[in-house]
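As structure tokens, the structure follows; a few thoughts come after it.
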Protein chains: 2
Amino acid sequence: MTSALDPVEFRRQGHMMVDFIADYYQNIDKYPVLSQVDPGYLRKRLPESAPDNPEPIETILQDVQEHIVPGLTHWQSPSFFAYFASNVSIAGFLGEMLSTGFNVVGFNWVSSPAATELESIVMDWLGNLLSLPKSFLFSGNGGGVIHGSTCEAIVCTMAASRDQMLSRIGGDNIGKLVVYGSDQTHSALQKASQIVGINPKNFRAIEATRSTTFALSPESLKLAISSDIEAGLVPLFLCATVGTTATTAVDPLGPLCDVAKHHGMWVHVDAAYAGSACICPEFRHFIDGIEGVDSFSFNAHKWFFTGLDCCCLWVKNPGALISSLSANPEFLRNKPTDSKQVVDYKDWQIALSRRFRAMKLWLVLRSYGVVNLRNFLRSHVKMAKLFEGLVAMDQRFEIVVPRNFSMVPPTTPTSNSFHQNGIEINVEKCTNEVNCKLLEAINASGRVFMTHAMVGGMYVIRCAVGVTQTEEKHIAMAWKVVQEHADVILKNNGDDGDANLKLPLLDKIA
Amino acid sequence: MTSALDPVEFRRQGHMMVDFIADYYQNIDKYPVLSQVDPGYLRKRLPESAPDNPEPIETILQDVQEHIVPGLTHWQSPSFFAYFASNVSIAGFLGEMLSTGFNVVGFNWVSSPAATELESIVMDWLGNLLSLPKSFLFSGNGGGVIHGSTCEAIVCTMAASRDQMLSRIGGDNIGKLVVYGSDQTHSALQKASQIVGINPKNFRAIEATRSTTFALSPESLKLAISSDIEAGLVPLFLCATVGTTATTAVDPLGPLCDVAKHHGMWVHVDAAYAGSACICPEFRHFIDGIEGVDSFSFNAHKWFFTGLDCCCLWVKNPGALISSLSANPEFLRNKPTDSKQVVDYKDWQIALSRRFRAMKLWLVLRSYGVVNLRNFLRSHVKMAKLFEGLVAMDQRFEIVVPRNFSMVPPTTPTSNSFHQNGIEINVEKCTNEVNCKLLEAINASGRVFMTHAMVGGMYVIRCAVGVTQTEEKHIAMAWKVVQEHADVILKNNGDDGDANLKLPLLDKIA
């Protein structure tokens, strides 16, 4: 058997795989966007154990096509509007190939200087594109690092803030520390809080209401903090969000920092999805106030064309991260580290090992250039506007909150309540059920995939634009799919085909 | 501008990249294994900001060759013997391409059923290859998950154990929990312990000595635990290692479990490097006693040909992980999850998002087959034996501990002490300095890259075999490089070129 990394064979199989994936992209429109398989489908199709003998790549690719592709939900389909997109591009793909090909483990500078240095450079490039204050850049004694996920970024910054605080108030007081977000904050905050040992009783998800378009109110934060201080607790960490998952709400960074900083808290900004847009001057205002926070992260793997995973985190005080996360075993000792002239990213993250993720960010920035990247993002926002306009023309739907970026959350309308046959009906609940059925029907069609959110008691259907190949025609088609199913479901009173009238006639309510 | 994922352009650039990487592998022997650049080299070569306009892939690849490659330490070089290898293969590379191409975000089953199901299946396959007890497999109500790193695996299992324990002893007692390993345990344990909020005072790195070939002694563990219990502390977590970083020592799992289980502790086994070898029947005994532990992890990205990152973790009680790591926000609610018929891996790990890492493991297992995979591993062990034999024939060197797997840790010999001109000389310190200089000279040659460890006060030079393309000729060459530099340095008394005799004449000591 030839070497498992024989260059001739690598070339042959590599070319085959490029064509396989190119074909996949070419045909992606033909697959149901949401996988239609049943739980356990794959175990029935695959052998019980690994094969003893080698199998040719041709056989394996055939199995991928026959058994894996049907079980995929196609995140790169132009008709994928679920969650937030996780978009890839040719440049992102090629960057990942290089990273995989070199397969260096860049835990410290010496283990591959290029991996560390390119990361520091592109994080400064990107920080400048976002007009981050200099204090977040290496040139301003801050700096950026690429993590795998927002949760990791929050775990690391929260651990840093926890240890800073404990060094002030005494190491035995971890049980007093309190973490704050809104009830719209991503679940990553709660999870991070659980992981770093914050008492679950000390996690605050402060209600954000429709009156603030679901942004966290500084006044509510202030009240929560006061009440905790009165109870003898210690406010530690605030996670503000720019672009929440449910409605892309934007927490007001400046006023929130004013409150938090008064109590010496660490403020992190999670702009996982919307951060990308802030490279466009017209969207930059959404992160106004960023100068007051301690750390800021966004996921280039969502809406910046790198592919998974690439969470960009900037901190003002890398020393705080390093102090919490460093471990300096003898086997990693080396002269450049001892000289303190270099960055050792192992001390900025959870894991020791790290992939060369900067490569794909560098390729994306260079292959498309800033002008085009901004235009890509703007085109997604424009398509979301188009969808918003289509929704607005249909009286059966309303849009619950103003659109900020490339996501539109429509719902069928509610009124307060009404009577049917003398019985008071909770319309909100009924409407939620109708919307839920509508969304299920839409997704079961396989023609588009959208997901839902609950905001202020309302079940909304989210249409999030952001896939690389989505064009206006896909938006028009998506709306057509929604309307077709609405025709059936709203006419049948929330029941697609079943003749029993379980729900009130929504037409009459409106 | 065409779409950033245009299939025609994807194909063109993808083929170009396959050739670029194939050329890299073909020429990898020509580069210095350890990068020879100086700190800050890259910032001098790259522009200050991201380009406004697109640059062609041809230009970018030229820059990769001119500016990135010199800054790489070539982990895929057949003459890389540093740390532990992180080997890639054609199958691992292709698996990563597929994963990147599909770019699905498999946080729960519905977001891409194939990603979840394939992971469960290959983790069962691999668990069977390792002859793990059924209690670690899905068929036995345990299960496997792929993490990014050992540290993540330890963070998650330790958080699970912490929360289990706190539910027994009361949530306010986190400050009493104690974590144990040996002083040979990987730094990931200490880091994980810091992250999950264990008081740094409660981290125990129990000394392991040459008398146990640097394995953790159950008797020492027992003593440490007793002393902690006497002090009112609560033993929580033991990390045992199979294949330590410094010397590939193997902690005795059975006897350690006997001690730990007596106190209701969670026992994790970190077999990051050596776990792979245990698919060969002749090495399986190194994990004897595994039936007593709670969790077990090894890094397929080290010595199992997948490329970064692929840490395989099995647990007996997934419920404990899920209970600590789950967050169930409304936007992720879906029928399959509600039905409890599916695995949602988001609750088995830190991040929400996750790549389709199972793909590369599946491709590796199928492309090579179990028989060949075992033979690959055996060939690395055989090459390490060859190196060991060469060392043994040279009286200037000794091997400090028996070789277990594919790593050999030689050092130049020490004696207890001796006198020169009437002054007592600390030979150990001098020998360590000589070895350090020797290793620096070896690595500065660019012909091989090895790293060091300190064990029992001795500075040893580690030669770890495991790169995919390493052949016997590279071993012979590596030893030749060591000898050539030893000729100069040992002859010059630890000083390569400088005429001053700072160190005693080692020839005379021997």
Side-chain angles (χ1 to χ4, degrees), chain A residues 4-5 7 10-11 14 17-18 21-22 25-26 35 37 39 42 50-55 68 71-73 75 86 88-90 94 96-97 100-101 103-105 112-114 117 125 149 151 175 187 190-191 197 307-308 327 329-331 341-342 351 355 365-366 369-371 453-454 468-469, chain B residues 4-5 7 10-11 14 17-18 21-22 25-26 35 37 39 42 50-55 68 71-73 75 86 88-90 94 96-97 100-101 103-105 112-114 117 125 149 151 172 187 190-191 197 307-308 327 329-331 341-342 351 353 355 365-366 369-371 453-454 468:
Chain A
L5 205 57
F10 177 90
R11 218 178 285 265
M17 187 59 87
V18 166
I21 297 171
Y25 290 142
Q26 215 142 15
S35 172
V37 299
L42 195 56
D52 281 338
N53 295 307
E55 298 181 88
I68 301 299
L72 295 178
T73 292
W75 285 68
S86 178
V88 76
S89 63
I90 299 170
L94 298 185
E96 190 69 58
M97 282 175 82
T100 308
N103 203 48
V104 300
V105 187
S112 254
E117 296 205 10
W125 283 11
S149 67
C151 194
S187 53
Q190 189 180 358
K191 191 165 184 176
L308 277 175
E330 175 63 31
F331 75 93
Q341 285 190 305
V342 298
R355 295 186 301 129
L365 288 165
R366 294 191 63 187
V370 176
V371 172
M454 291 291 294
T468 309
Q469 298 229 67
Chain B
L5 206 57
F10 177 91
R11 219 177 284 266
M17 187 59 86
V18 167
I21 297 170
Y25 290 142
Q26 214 142 15
S35 172
V37 300
L42 194 57
D52 281 338
N53 296 307
E55 298 180 88
I68 302 299
L72 295 178
T73 293
W75 285 68
S86 178
V88 77
S89 64
I90 299 170
L94 298 185
E96 190 68 58
M97 281 176 84
T100 308
N103 204 49
V104 300
V105 187
S112 256
E117 297 204 9
W125 283 10
S149 66
C151 193
D172 296 332
S187 54
Q190 187 179 0
K191 191 165 183 176
L308 278 175
E330 176 62 32
F331 75 94
Q341 285 190 302
V342 299
S353 297
R355 295 186 302 128
L365 288 165
R366 295 191 62 187
V370 175
V371 172
M454 290 291 295
T468 309

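Lettering follows sequence order; numbering is per chain, from 1. Everything numeric in this text was worked out from a predicted model, so none of it was measured.
No side-chain heavy atom of V370(A) sits under 4.5 Å from any side-chain heavy atom of W125(A).
Interface check for chain A: of the options A327(B), G71(B), A351(B), the most heavy-atom pairs under 4.5 Å are formed by G71(B). Contacts with chain A were tallied for S353(B), G14(B), A22(B); A22(B) has the most, counting heavy-atom pairs under 4.5 Å. Residue with the most contacts toward chain A among C151(B), G307(B), G101(B): G101(B) (heavy-atom pairs, distance under 4.5 Å). Considering only heavy-atom pairs separated by less than 4.5 Å from chain A, the leading option among V342(B), D52(B), L365(B), I21(B) is D52(B). Comparing S149(A), S35(A), S187(A) by how many heavy-atom pairs each has under 4.5 Å with chain B, the most go to S187(A). When S89(A), G369(A), G197(A) are compared by the number of non-hydrogen pairs under 4.5 Å with chain B, G369(A) comes out ahead. Among P329(A), A453(A), G175(A), the residue making the largest number of heavy-atom pairs under 4.5 Å with chain B is P329(A). When each of M97(B), Q190(B), M454(B) is scored by its heavy-atom pairs under 4.5 Å with chain A, the top score falls to M97(B).
Take S112(A) and apply the side-chain contact (heavy atoms from CB on, under 4.5 Å) test, not counting sequence neighbours, and it matches V104(A), A115(A), L72(B), T73(B), W75(B). T468(B) is linked by a side-chain contact (heavy atoms from CB on, under 4.5 Å) to S3(A), A4(A), L5(A), N87(B), F305(B), counting only residues two or more places apart in sequence or in another chain.
Heavy-atom distances place both the backbone and the side chain of V371(B) under 4.5 Å from chain A. Interface residue S86(B): backbone and side-chain heavy atoms are both found under 4.5 Å from chain A. Both the backbone and the side chain of V37(A) come within less than 4.5 Å of a heavy atom in chain B. For E96(A), the part sitting under 4.5 Å from any heavy atom of chain B is the side chain, from C-beta outward, and nothing else.
Distance CZ/R355(B) to CG/L308(A): 7.5 Å, rounded to 0.5 Å.
Nearest approach of E117(A) to L42(B), heavy atoms of both residues: OE1-N, 2.9 Å.
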May I have the step-by-step check of side-chain contact (heavy atoms from CB on, under 4.5 Å) for I90(B) and Y25(B), ending in yes or no?
-> CA-CA 11 Å; I90(B) 299 170; Y25(B) 290 142; over 6 Å; no

